[in-house]
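The next block holds one structure in the form of structure tokens; read it before the comments.
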Amino acid sequence: MWQNNRHNSGLASNSKEDFSQHVRNIPDFPQKGIIFRDITGLLRNGPVFKRAIDAIAGHHVEQAIDTVVSIEARGFIIGSALGYRLGSGVVPVRKKGKLPWQVYRKSYNLEYGQDHLEIHQDAIEPGTNVLIVDDVIATGGTVQAVAELIKEMKGNIVGASFLIELTDLNGRDKIKDIPVFSLIKY
Ligand code: AMP
């Protein structure tokens, strides 16, 4: 059965590879003082992208994840690949006004700016094992808002995974009760 197969997928649980060499650092984008971590180079390199996804997936393969909840927009790229690799469903969390059906909404603070996130009201069944995925955890405001949404929907958050963690910003402190994994740390 597909659900059982994902526990025997042969994925390694650890990767020693330094993926940061595929990330471009762009100072003062989108505003002064921010170093933007540009992952497009990592994404366009097929073997590197595959190893990165496999390395993250390997960390979660034993967790019986039902649903990967990923965050617009770059989070969708990582979250979709991970969901496919883990045999999990994928649920989008989107910016305000993008989802077509009834939504739950949370406001959140970004490293730069403030916005609202939305999820379809029927996206998470109570008791569903959820993995939250985004490209970057910076201040943690985004993932905190998503975690609150999922908890209110009675989802069971088993972890939060990121390609990149900006450790100076202590984002993981905002979701202390959730195990955090990140492939690249700055
Ligand atoms: P935060 O809510 O502060 O953890 O910010 C996380 C979100 O903002 C992620 O969805 C990232 O895509 C984006 N983000 C924040 N800081 C950066 C950065 N320095 N480089 C690239 N993306 C970032």
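Note that these values count all heavy atoms, side chains included, but never hydrogens, waters or copies made by symmetry.
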Here the gap from Ile157 atom CD1 to Ile150 atom CD1, rounded to the nearest 0.5 Å, amounts to 4.5 Å
Note: His120 and Trp101 closest approach over all heavy atoms is NE2-N, 3.0 Å
Taking the side chain as everything from C-beta on, heavy atoms only, tell me whether Phe29 gets closer than 4.5 Å to Ile34.
no
- Would you say the side-chain atoms of Thr128 pair up with the backbone N or O of Glu125, donor to acceptor, closer than 3.5 Å? yes
_So Asn45 and Pro47, do their side chains get closer than 4.5 Å, heavy atoms only?_
yes
- Flag the pair Tyr108 / Glu148 as yes when at least one side-chain heavy-atom distance between them is below 4.5 Å, and no otherwise. no
The reported gap from CD1 in Ile132 to CD in Gln144 (rounded to nearest 0.5 angstrom) is 10.5 Å
Rounded to the nearest 0.5 Å, the OH atom of Tyr186 sits from the CD1 atom of Ile35 at a distance of 9.5 Å
The reported gap from CG in Leu42 to CD in Gln21 (rounded to nearest 0.5 angstrom) is 9.5 Å
| query | Is there side-chain contact between Val158 and Pro179, with at least one heavy-atom pair below 4.5 Å? | reply | no
Can you confirm whether Phe162 sits close enough to Val143 that some side-chain heavy atom of one is under 4.5 Å from a side-chain heavy atom of the other? yes
Across all chains, not counting sequence neighbours, the side-chain contact (heavy atoms from CB on, under 4.5 Å) partners of Glu72 are Phe76, Arg94, Lys95, Lys98
- [ ] Answer yes or no: does atom NZ of Lys185 have more than 12 heavy-atom neighbours from other residues, nucleotides or ligands under 6.0 Å?
- [x] yes
request  = Might you work through the side chain to side chain contact (heavy atoms under 4.5 Å, CB included) test for Thr142 and Asp134, ending with a clear yes or no?
outcome  = CA-CA 9 Å; Thr142 307; Asp134 203 357; 4.2 Å; yes
Heavy-atom nearest pair, His116 first then Ser107, reads CD2-CB, 3.7 Å
Discussion item. Can you tell whether the side chains of Lys106 and Glu152 come within less than 4.0 Å, N to carboxylate O?
Written reply: yes
Between the CG atom in Leu82 and the CD1 atom in Ile65, the distance rounded to the nearest 0.5 Å is 8.0 Å
Discussion item. Using side chain to side chain contact (heavy atoms under 4.5 Å, CB included), reason through Ile71 and Val133 one step at a time and then give a plain yes or no.
Written reply: CA-CA 7 Å; Ile71 306 165; Val133 172; over 6 Å; no
Got Leu43 and Ile77 here, is their nearest side-chain heavy-atom distance under 4.5 Å? yes
Q.
Treating Gln121 as the side-chain partner and Val103 as the backbone partner, does any N or O pair qualify as donor plus acceptor under 3.5 Å?
A. yes
Minimal heavy-atom distance between Thr67 and Ser88, with the atoms involved, is N-CB, 4.2 Å
Only one of Leu163, Val136, Ile184 passes side chain to side chain contact (heavy atoms under 4.5 Å, CB included) with Val23, and that residue is Ile184
Checklist entry - Do the numbers put Arg44 on top of the ring of Phe49, so that NZ or CZ is under 6.0 Å from the six-membered ring centre and no more than 45° off the axis? => result no
Can you tell if the side chain of Val93 reaches within under 4.5 Å of the side chain of Glu118, non-hydrogen atoms only?
no
- CA sep, side-chain torsions, deciding dist, call: Arg85, Asp54, salt bridge (charged side-chain N to carboxylate O under 4.0 Å, His left out): CA-CA 8 Å; Arg85 192 69 181 87; Asp54 285 351; 2.7 Å; yes
Q. Do the non-hydrogen side-chain atoms of Val146 and Leu117 ever get within less than 4.5 Å of each other?
A. yes
If hydrophobic clusters are built by linking Ile, Leu, Val, Met, Phe, Trp and Tyr wherever their side-chain heavy atoms come under 4.5 Å apart, do Leu131 and Leu183 end up in the same one?
yes
- [ ] Step by step, work out the side chain to side chain contact (heavy atoms under 4.5 Å, CB included) result for Met153 and Ile119.
- [x] CA-CA 10 Å; Met153 298 167 86; Ile119 189 168; 3.7 Å; yes
Residues pairing under side chain to side chain donor-acceptor pair (under 3.5 Å) where one sits in residues 155-169, two or more places apart or in two chains, turn out to be His60-Ser161, Asn129-Asn156, Glu165-Arg172, Glu165-Ser182
Smallest heavy-atom separation, Asn25 atom then Pro27 atom, equals O-CD, 3.5 Å
Evaluate the side chain to side chain contact (heavy atoms under 4.5 Å, CB included) criterion for residues Ile39 and Ile164: first the C-alpha distance (whole Å), next the side-chain angles of each, then the deciding distance (0.1 Å), finally the verdict. CA-CA 9 Å; Ile39 61 169; Ile164 295 171; 3.6 Å; yes
Between Leu99 and Pro92, the two heavy atoms sitting closest are CD1-O, 4.2 Å
Residues Gly79 and Val68: closest non-hydrogen pair is O-CG1, 3.7 Å
